[in-house]
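Presented below is the structure to which this report refers.
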Amino acid sequence: MRILMVCLGNICRSPLAEGIMRHQIKTEGLTWNIDSAGTGAWHAGEKPDPRSIEVAHRNGIDITGQRARQFVPLDFDRFDHIFVMDAENLKNVLALAPHDLAREKVEMIMNRVYPNENRRVPDPYYGGKTGFDDVFEMLEEACKKIISEHL
Ligand code: 4NP
């Protein structure tokens, strides 16, 4: 299984999604390929936001090795599932999809927990620290569900 986690900057939400998913598959003994990307390029090459690093660390997950990169159309070939955090990410990724098969790979990640509700993982960038705790919890739940549905 090849999974790509996508948000806007690839420094707050999707690095956590990548870290949490890597952590959970390791526990399950799975060897899936997990990566993350942002629809925007402003933070390319940067480490995750310190607040994401902190909440991950507090939960026993090290995401300091990650570096931000922009989503590219080739990612539609490289991955089986592309999980986006909100409706804006969804729109931006779908705009780059070359055909239906590519479009079908893209879904809002929280729809795995709350089907068809199109709930977003809120962008915590401008908020306080509790925003990152909420994001962590949501993504932990979503990753757990994604894995359970594939076992
Ligand atoms: P992310 O959060 O999409 O969860 O990585 C953001 C990070 C940076 C910006 C926006 C959102 N920004 O505007 O720079």
Side-chain angles (χ1 to χ4, degrees), residues 1-49 51-53 55-56 61 63-127 131-132 134-151:
M1 186 67 52
R2 304 168 301 165
I3 292 177
L4 182 67
M5 304 294 194
V6 176
C7 64
L8 176 58
N10 193 207
I11 54 167
C12 297
R13 292 166 293 177
S14 59
L16 279 176
E18 177 185 338
I20 291 165
M21 188 55 109
R22 282 184 189 277
H23 181 77
Q24 291 188 4
I25 61 165
K26 198 171 171 190
T27 306
E28 294 291 337
L30 300 166
T31 53
W32 294 359
N33 181 2
I34 315 294
D35 195 12
S36 64
T39 57
W42 314 284
H43 296 280
E46 293 179 15
K47 280 188 187 183
D49 187 285
R51 296 164 294 179
S52 285
I53 291 176
V55 70
I61 301 174
I63 62 168
T64 57
Q66 293 187 35
R67 295 296 179 272
R69 71 166 178 92
Q70 188 171 28
F71 179 87
V72 290
L74 190 60
D75 288 322
F76 288 114
D77 299 325
R78 290 191 188 126
F79 297 95
D80 305 304
H81 293 279
I82 297 168
F83 290 108
V84 300
M85 303 295 133
D86 61 32
E88 190 193 5
N89 307 152
L90 183 69
K91 186 185 72 177
N92 290 328
V93 169
L94 289 178
L96 298 173
H99 43 61
D100 281 350
L101 197 64
R103 263 184 286 279
E104 286 164 12
K105 294 183 177 184
V106 190
E107 54 188 307
M108 285 179 73
I109 192 166
M110 293 314 296
N111 276 355
R112 285 300 182 103
V113 184
Y114 306 101
N116 305 313
E117 292 189 18
N118 296 328
R119 292 197 194 189
R120 69 196 172 107
V121 179
D123 185 346
Y125 189 62
Y126 295 107
F132 285 77
D134 293 346
V135 165
F136 189 94
E137 266 183 43
M138 293 177 83
L139 291 172
E140 200 172 37
E141 195 180 13
C143 289
K144 194 170 144 194
K145 188 75 186 292
I146 291 163
I147 291 172
S148 74
E149 286 173 347
H150 279 89
L151 291 180

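Because the structure is predicted, anything quoted here is derived from the model rather than measured.
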4.5 Å side-chain heavy-atom contact, [X] and [Y]:
| X | Y | answer |
| --- | --- | --- |
| Arg119 | Val113 | no |
| His81 | Glu107 | yes |
| Tyr114 | Glu141 | yes |
| Arg51 | Pro124 | no |
| Val135 | Val55 | no |

Electrostatic pair [X]-[Y], nearest N-O below 4.0 angstrom:
| X | Y | answer |
| --- | --- | --- |
| Glu149 | Lys145 | yes |
| Asp75 | Arg69 | yes |
| Asp35 | Arg78 | no |
| Arg67 | Glu46 | no |
| Glu18 | Arg22 | yes |

I would like to know whether Phe132 and Tyr125 meet side chain to side chain contact (heavy atoms under 4.5 Å, CB included); could you show each step before the answer? CA-CA 9 Å; Phe132 285 77; Tyr125 189 62; 5.8 Å; no
Test side chain to side chain contact (heavy atoms under 4.5 Å, CB included) applied to Val6 and Phe83, step by step: CA-CA 6 Å; Val6 176; Phe83 290 108; over 6 Å; no
Ile20 vs Ile61, side chain to side chain contact (heavy atoms under 4.5 Å, CB included): CA-CA, chis, key distance, verdict: CA-CA 7 Å; Ile20 291 165; Ile61 301 174; 4.0 Å; yes
Does a donor on one side chain and an acceptor on the other come within less than 3.5 Å for Asn89 and Asn92?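 Distance-only check fails for Asn89 and Asn92.
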Spacing of [atom1] belonging to [X] relative to [atom2] belonging to [Y], to within rounding of 0.5 Å:
| X | Y | atom1 | atom2 | value |
| --- | --- | --- | --- | --- |
| Asp80 | Met1 | CG | CE | 5.5 Å |
| Gln24 | Glu140 | CD | CD | 6.0 Å |
| Ile82 | Phe76 | CD1 | CZ | 5.0 Å |
| Gln70 | Trp42 | CD | CH2 | 8.5 Å |
| Cys143 | Met138 | SG | CE | 12.0 Å |
| Leu94 | Glu104 | CG | CD | 11.0 Å |

Side chain to side chain contact (heavy atoms under 4.5 Å, CB included) evaluation trace for Val121 with Asp86: CA-CA 6 Å; Val121 179; Asp86 61 32; over 6 Å; no
Any donor-acceptor pair under 3.5 Å from Arg2 side chain to Asp77 backbone: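 Confirmed, Arg2 side chain pairs with Asp77 backbone.
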Without swapping roles, check the side chain of Arg13 against the backbone of Met5 for a donor-acceptor pair under 3.5 Å.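 No, Arg13 side chain to Met5 backbone: no donor-acceptor pair under 3.5 Å.
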Closest approach of [X] and [Y], non-hydrogen atoms and distance?
| X | Y | value |
| --- | --- | --- |
| Cys7 | Ile11 | SG-N, 4.4 Å |
| Pro48 | Ile53 | O-CD1, 3.4 Å |
| Ser36 | Gln66 | OG-OE1, 3.7 Å |

Which one of Val106, Ile34, Leu4 satisfies the side-chain contact (heavy atoms from CB on, under 4.5 Å) criterion with Phe79?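 Of Val106, Ile34, Leu4, side-chain contact (heavy atoms from CB on, under 4.5 Å) with Phe79 is met by Leu4 alone.
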Apply side chain to side chain donor-acceptor pair (under 3.5 Å) to Asn118 and Asn111, showing your working. CA-CA 6 Å; Asn118 296 328; Asn111 276 355; 2.9 Å; yes
